[in-house]
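So you know, we letter chains A, B, ... as the sequences are listed, proteins then strands, and number each from 1. Bear in mind that the values here come from a model prediction, so they are computed numbers and not experimental data.
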2 protein chains.
Amino acid sequence: MPYLMNPTYQRPTPIRICDKSEKDFLMAVEEFHGSLTPGLVLGGVMVDLGIELIESCSDLGAVVESACYLPDAVQLFTPCTVGNGQLTIRDWGKMAICLFDRKRHAGYRIWLDLRKTREVSSIYNWSMRLVPKRKRTADPVIQDILTAGRSVLSWRAVPITQQIPDTPAHVPIAVCPKCDEAYPETQGDICISCQGGSYYGITG
Amino acid sequence: MPYLMNPTYQRPTPIRICDKSEKDFLMAVEEFHGSLTPGLVLGGVMVDLGIELIESCSDLGAVVESACYLPDAVQLFTPCTVGNGQLTIRDWGKMAICLFDRKRHAGYRIWLDLRKTREVSSIYNWSMRLVPKRKRTADPVIQDILTAGRSVLSWRAVPITQQIPDTPAHVPIAVCPKCDEAYPETQGDICISCQGGSYYGITG
């Protein structure tokens, strides 16, 4: 990991992120996410570093510490998705990810290091939300993130100390007597939705 | 919607799902998710129906009522992803999705209708988890789901009655005095992670 060990290390040219050219990386991100945002691009840079740190891992898991942007970067460039259970989201609003070995319960946490962003005011201002929302997706910050690369990140080897994902994947199934749908019987005599927790109304 | 109105409607041949041939659909699913599972294929069939029901919608939102499989089907075949805020996950363990217009707060909920699966015992047994886990990803159920298509689904037009996503996207940011990372100040004087809620340990 020459870049991490040696502060004078020069980034390779042309820049590659997540095994793609910068252009292909940005295109892939925009196609999946629907737009290009600074958080998504920074997420890609984080994933790129994480993959290098963890090297070969046959049972990769990931945690993202924000529900915005970061999940998409991980889903695009690692085998971990929300739907396959390998990506866990902690909705903490922090610019940090963790890639870890699910067998060894150990991996690397990577975060945006505020002290390092003070050198790049546009990234600092973006991360502290000091820029009005409408300007936050402006190209200049994205370019500054691409130029800064890993220089604004820090990382640490960490053990995973909680069960991830949080809940057991398989629980007994019952049929809800109210809506006739299958649901995990741990929810109670009727499903959560019929208990009044639903997000939708019944019409017609 | 001839298929829904007319029970004798014959599915078009060759079958197309989410604007792809069956083969391309299965390949796309497997590439993103890492494996082919019945839930993922059924999710694709649900999304296919949902897109047809909602027709043109410039501001699409989605809710999935299971954290397994369904999020990936939605992310693959709609513009809604977890990271762009257009996909909301309700971890209720139900085989149901909702595609809705975020401006009109109205859309369609689609669910696996248990009564309809009784005709296809393999799908019923799979959905009630009556098949041991190791057999649940077997090809026969996937093929049965592809053959059954929409015939095992029901749907309903619904208003969206809760705020989705649940939390406001933008809150004031502070710097945690303990870890020096940026976090939403609504979490308290220090970030959730430093309050003891972390999933990782500090080593080295």
Side-chain angles (χ1 to χ4, degrees), chain A residues 32-35 40 63 65 67-73 75 79 81-85 89-96 98 109 111-112 114-115 127-129 133 156-162 164 167 169-173 175 180-184 187 191-193 198-204, chain B residues 32-35 40 63 65 67-73 75 79 81-85 89-96 98 109 111-112 114-115 127-129 133 156-162 164 167 169-173 175 180-184 187 191-193 198-204:
Chain A
F32 183 67
H33 187 79
S35 61
L40 197 50
V63 181
E65 297 184 18
C68 295
Y69 314 123
L70 299 181
D72 286 358
Q75 292 183 109
T81 71
V82 172
N84 71 16
I89 298 169
R90 291 279 188 269
D91 189 7
W92 292 348
K94 297 184 91 173
M95 285 302 289
C98 179
R109 181 172 183 267
W111 67 96
L112 178 67
L114 275 189
R115 288 167 301 190
S127 65
M128 293 299 293
R129 294 188 190 151
K133 189 183 175 189
R156 179 176 282 156
V158 292
I160 303 300
T161 55
Q162 285 184 355
I164 291 178
T167 49
H170 300 287
V171 293
I173 297 297
V175 179
D180 288 329
E181 295 179 31
Y183 75 107
Q187 288 174 11
C191 73
I192 281 183
S193 189
S198 185
Y199 61 90
Y200 57 89
I202 304 296
T203 55
Chain B
F32 184 68
H33 188 80
S35 61
L40 197 49
V63 181
E65 297 185 19
C68 295
Y69 312 123
L70 298 181
D72 286 358
Q75 293 183 110
T81 71
V82 172
N84 70 15
I89 298 170
R90 291 279 188 268
D91 189 7
W92 292 346
K94 297 184 91 174
M95 285 303 289
C98 179
R109 181 173 182 266
W111 68 96
L112 178 67
L114 274 188
R115 289 166 301 190
S127 64
M128 294 298 294
R129 295 188 190 152
K133 189 184 173 187
R156 178 176 283 156
V158 291
I160 303 301
T161 55
Q162 285 184 355
I164 290 178
T167 50
H170 300 287
V171 292
I173 297 297
V175 179
D180 287 331
E181 295 179 31
Y183 74 108
Q187 289 174 10
C191 75
I192 281 182
S193 189
S198 185
Y199 60 89
Y200 57 89
I202 304 296
T203 55

Item to complete: Can you tell which part of A/Ile160 gets under 4.5 Å to a heavy atom of chain B, answering side chain, backbone, both or neither?
Response: both
Worksheet entry | Side chain, backbone, both or neither of A/Ala182 within contact of chain B (heavy atoms, under 4.5 Å) | both
Fill in: Most chain A-contacting option - heavy-atom pairs closer than 4.5 Å, from B/Val63, B/Val175, B/Leu112, B/Asp180
B/Val63
Worksheet, complete the sentence: Heavy atoms of B/Asp72 and A/Val82 approach each other most closely as OD1-N, 3.9 Å
Discussion item. We want to know whether B/Glu65 and A/Tyr199 form a side-chain donor-acceptor pair, criterion being a heavy-atom distance below 3.5 angstrom.
Written reply: yes
Worksheet item: Which atoms of A/Glu181 come close to chain B, meaning under 4.5 Å heavy atom to heavy atom: side chain ones, backbone ones, both, or neither?
Response: both
Worksheet entry | chain B interface, residue from A/Cys98, A/Gly34, A/Gly85, A/Pro172 that has the most non-hydrogen pairs under 4.5 Å | A/Cys98
Discussion item. Only pairs of heavy atoms separated by less than 4.5 Å count here; which of A/Ala96, A/Cys191, A/Ser127, A/Gly93 has the most with chain B?
Written reply: A/Gly93
Response to the item:
Among B/Trp92, B/Trp111, B/Tyr183, the residue with the most heavy-atom pairs under 4.5 Å to chain A is B/Trp92
Worksheet item: Side chain of B/Gln162, backbone of A/Ser198: donor and acceptor closer than 3.5 Å?
Response: yes
Worksheet item: Would you find a donor on one side and an acceptor on the other, under 3.5 Å apart, between the side chain of B/Arg129 and the backbone of A/Val171?
Response: yes
Worksheet item: If you measure from CD on A/Gln75 to OG1 on B/Thr81, what distance do you get to the nearest 0.5 Å?
Response: 7.5 Å
Worksheet item: What's the spacing between A/Met128 CE and B/Ile173 CD1 if we round to 0.5 Å?
Response: 7.0 Å
Item to complete: Not counting sequence neighbours, which residues clear side chain to side chain donor-acceptor pair (under 3.5 Å) with A/Tyr200? List them please.
Response: A/Ser193, B/Arg109
